[in-house]
Amino acid sequence: MKPVETFILVADARRAQVYRNRGPGSGLARIEGMALETRHREAREIMADKPGRTHERMGTARHALEYSSDPERIEEKRFAAEVAEMLDRAVTGKACDRLIVAAPPVMLGDLREAGSAAVKEATVAELDKDLTRIPEQELASHFESVIAL
C-alpha cells in the first residue's frame with residue numbers, strides 16, 4: 001500500500017517552502033524545487049510615478065492625489081497566486097494526497113482566495129502562524145497537533 005503523501009506549505013508574504021511527510025515516524029523533509037521567494041520592494045519602487053496634483057473644485061487650492069491602491073498589497077496577492085499555482089500543479093499532478101498550510105492570517109486568506117478547487121479539497125488543516133523563520137529541525141513540533149510525524 002502506498003504511503004499517504006502529505007505536503008506541508010510554510011509561507012509568508014515573501015517566501016514559501018513545501019515539505020513532505022510520508023506518515024508517522026517520517027518527520028518533515030524539504031522538497032527541493034518547491035520553494036518560491038520574492039524580493040521585498042517598497043511602494044516607491046513599484047509605483048515610481050507620482051499620482052500627480054489636482055485643483056480644488058472651488059478656489060485656487062491644489063493638493064496631491066493619493067494612490068488608489070496599496071502597491072505592496074497587490075504584490076503580496078500576486079505572490080500568493082504564484083504559490084497557489086505551484087500547489088495546484090502538485091495536487092492535480094497527484095504528487096500529494098493531502099495538504100497542510102501554515103501562513104500568517106493575511107497570506108492564508110490570499111491563498112484561500114487564489115487556490116483552486118482541487119487545492120481546497122486536498123487541504124486538511126491550516127495554521128495561521130508565520131513559521132518561515134523557525135529552524136527546520138523545530139518545524140515538526142508545530143504540526144504535531146494536525147499530523148502524526
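Starting from 1, each residue takes its place in the sequence as its number.
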Distance col, row R30:CZ vs E136:CD, nearest 0.5 angstrom, shows 4.0 Å
Check your understanding: Going by an N to O cut-off under 4.0 Å, is there a salt bridge joining R22 and E5?
Key -> yes
Query raised in the report: With the 4.5 Å side-chain cut-off for hydrophobic clustering, are Y19 and L131 part of the same group?
Result: yes
Identify whether the distance between the nearest side-chain nitrogen and carboxylate oxygen of R78 and E82 falls below 4.0 Å.
no
Heavy atoms of F79 and A13 approach each other most closely as CD2-O, 3.4 Å
Show which side-chain atoms of residues 106-115 pair as donor or acceptor with protein atoms under 3.5 Å away, not counting sequence neighbours.
from : atom 1 : to   : atom 2 : distance (Å)
D110 : OD1    : R73  : NH2    : 2.7
D110 : OD2    : R73  : NH1    : 2.7
D110 : OD2    : R73  : NH2    : 3.2
R112 : NE     : E126 : OE1    : 3.0
R112 : NE     : E126 : OE2    : 3.3
R112 : NH2    : E126 : OE1    : 2.6
E113 : OE2    : K77  : NZ     : 3.4

Q. In terms of hydrophobic clusters joined by side-chain contacts under 4.5 Å, are L28 and I147 together?
A. yes
Note: V119 and L87 closest approach over all heavy atoms is CG2-C, 3.8 Å
Taking every heavy atom of A35 against every heavy atom of M86, the minimum-distance pair comes out as N-SD, 4.3 Å
Is it the case that the side chain of Q17 and the backbone of I31 share a donor-acceptor pair, with hydrogens and angles ignored and the cut-off at 3.5 Å?
yes
Residue set satisfying side chain to side chain donor-acceptor pair (under 3.5 Å) with D88, at least two apart, ordered chain then number -> S116
* Identify whether M34 and V101 are in the same connected component of the hydrophobic contact network (ILVMFWY, side-chain heavy atoms under 4.5 Å). => yes
Correct closest heavy-atom pair for D130 and A11 would be OD1-O, 4.4 Å
On a heavy-atom basis, the closest approach of P104 and D12 is CD-CA, 3.9 Å
(message) When you group the ILVMFWY residues by side-chain heavy-atom contacts below 4.5 Å and let the links chain together, are I100 and I134 in the same group?
(response) yes
| query | Do the side chains of V18 and V4 join up, straight or via other hydrophobic residues, at under 4.5 Å, putting them in one cluster? | reply | no
What do the steps show when you test R14 against E76 for side-chain contact (heavy atoms from CB on, under 4.5 Å), and what is the final call?
CA-CA 7 Å; R14 304 286 178 233; E76 290 171 0; 3.8 Å; yes
One should read off an interatomic distance between I8 CD1 and C96 SG, to the nearest 0.5 angstrom, of 10.5 Å
Quiz item: Do F7 and R20 come within less than 4.5 Å of each other through their side chains, counting heavy atoms only?
Solution: yes
Looking only at heavy atoms, the pair that brings T132 and V10 closest together is N-CG1, 3.8 Å
